2 protein chains.
Amino acid sequence: MRGEALAEQAYVALRDAILGHELPPGTRLSVPDIAQRLGISRSPAREAIARIAYEGLAQVGPHRGAVVSDIRAEDLLEIYSLREVLEGLACRLASQRLEEPDVARLRSILDEHRHAVDTGDVARHYELDQAFHAAIRELTRNNRLIESLDRLQGQIRVAMYTTRRSPGGTPQALSEHWVIFEALTSADPDRAERAGRAHISRLLRDLEHSVHGVHGKEKPP
Amino acid sequence: MRGEALAEQAYVALRDAILGHELPPGTRLSVPDIAQRLGISRSPAREAIARIAYEGLAQVGPHRGAVVSDIRAEDLLEIYSLREVLEGLACRLASQRLEEPDVARLRSILDEHRHAVDTGDVARHYELDQAFHAAIRELTRNNRLIESLDRLQGQIRVAMYTTRRSPGGTPQALSEHWVIFEALTSADPDRAERAGRAHISRLLRDLEHSVHGVHGKEKPP
DNA sequence: CTCGTTGACTTTGTATACAACATGTAGCAC
DNA sequence: GTGCTACATGTTGTATACAAAGTCAACGAG
């Protein structure tokens, strides 16, 4: 009846729940609990949790179970350092494999993104920001690179629970995406890499400022 | 009696066997077989295989078990593209965190490496080549970067089974390591990154030549 | 002789049973 | 009242049982 394996379904359900902030960082992921909640046995539940942990979305200790990762500013520094060079490489490779339909697709994402920014639709804004980067990394055809960036993207999303503000959430991201788009279509891989890298580098610098600067900036009303 | 968890031991044993070329690419990793061979139950054996697969050292299909990955030249192109930027980042970060003991350690590795090259000890040569890169990436303190490079290193090692020649196996690697060492100690992160990146970039170009050039170069006597 | 089919065997995926370990609480000594 | 111990409970890690699916070989039809 069901399409795939039980463990796979459980993994997807868990992942969606964590990425959707239904399971906040620090939540215990106990095998019996997950199994009962999804109506499955412990074996696939255990396997799903293990996969979640491999992706960095949960942390496990011996005999102590798993908890949803609490990814803090310090980790984000790590993540964005990595992402800077990976995103640069992605743009370089994408620029070398870019076909006409790909250009059209990227342009349509950017147009929609523009619309979302103009109308103040922040959810769609965030979604299209990610879609732009996802489209670029798919173009690289480098599966290991794609997987690495996917993993980082997931961790960033989890981190957004604690650090409430999205790093790419400013309208500035859109204009930088246009710079990347121009670089990608310029048939200059070096320029493409620099553009992609600069984009993430700027986000990283913003992050460093907000970490080193006002430390406890969040102010309850 | 035993130190750690059974699944952990099984994972390490499997990993060592694959990396040591005792289990050549294409070998089927059946759960009952592994379990019996290691004298454990199927549960930890299954978990160990899953972890191996997650590291890219084996590939799994639904209901079809796992086989040791056959990593070919095509995959190595992917791997080295990634590694180029990651190794560059590692050198950049390492140069920013370099302390005096670290410098001494790197120098001692290079000295031993020189000795291995002079005496023609290829096994030790390869070992010290890896040790140099491992030392650098440990210096970064970026766990995600370290893990990524470790993973790639493992896959490269598996690939060496099919592509008999080691990409870093030339004495040229040693001289390039010295260039990296100089760059690391120059307190110039940009230069360090360029040096690390250039090193892998050269290996990647060699690979591309041997792939595009003489395609079936191996010649039986 | 070639190709398709059937059937037995093996393996995977899932469910469940059991021991070791961790955690938290109640009770007791001081 | 405070701190420690012992126990009770729940969870993890491991072992095993069972159904579904895949693989392979022998067999028979054409």
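Quick caveat, the model's predicted, so the values are computed rather than measured.
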Is any NZ, NE, NH1 or NH2 atom of the basic residue among [X] and [Y] found under 4.0 Å from an Asp or Glu carboxylate oxygen of the other?
X        : Y        : result
A:Arg51  : A:Glu8   : yes
A:Arg107 : A:Asp111 : no
B:Glu208 : B:Arg205 : no

Report each atom pair, protein N/O against N/O of nucleotides 9-13 of chain C, whose distance is under 3.5 angstrom.
unit_1 : atom_1 : unit_2  : atom_2 : d
C:dT12 : OP2    : B:Val31 : N      : 3.2
C:dG13 : OP1    : B:His63 : N      : 3.4
C:dG13 : OP2    : B:Arg46 : NH1    : 2.9
C:dG13 : OP2    : B:Arg46 : NH2    : 3.4

Query raised in the report: Can you find a side chain N or O atom of B:Ser41 that sits less than 4.0 Å from OP1 or OP2 on D:dA15?
Result: yes
Query raised in the report: Rounded to the nearest 0.5 Å, how far apart are CG of A:Leu152 and NE2 of A:His133?
Result: 12.5 Å
**Report entry** Residues forming a salt bridge (Lys or Arg N to Asp or Glu O under 4.0 Å) with A:Arg197, sequence neighbours excluded
**Finding:** A:Glu84, B:Glu193
Query raised in the report: Using the C1' atoms of five pairs at each end, what's the angle between the two axes of the helix from C:dC1-D:dG30 to C:dC30-D:dG1, to 10 degrees?
Result: 0°
Report task. Give the rounded distance in Å between these two atoms: CD of A:Glu47 and C1' of D:dT14. Result -> 16 Å
Query raised in the report: How close or far is atom C1' of D:dT14 from atom CD1 of B:Ile34, stated in whole angstroms?
Result: 17 Å
Can you give the donor-acceptor pairs under 3.5 Å from side chains of residues 62-77 of chain B to other protein atoms, not counting sequence neighbours?
unit_1  : atom_1 : unit_2  : atom_2 : d
B:Ser69 : OG     : B:Gly56 : O      : 3.0
B:Ser69 : OG     : B:Leu57 : O      : 3.4
B:Ser69 : OG     : B:Ala58 : N      : 3.1
B:Asp75 : OD2    : B:Arg72 : N      : 3.2

Query - Qualifying residues under ring pair (Phe, Tyr, Trp, His ring centres under 6.0 Å), relative to B:His21, sequence neighbours excluded - result: B:Tyr161
Query raised in the report: Listed by chain and number, what are the side chain to side chain donor-acceptor pair (under 3.5 Å) partners of B:Glu47, not counting sequence neighbours?
Result: A:Arg46
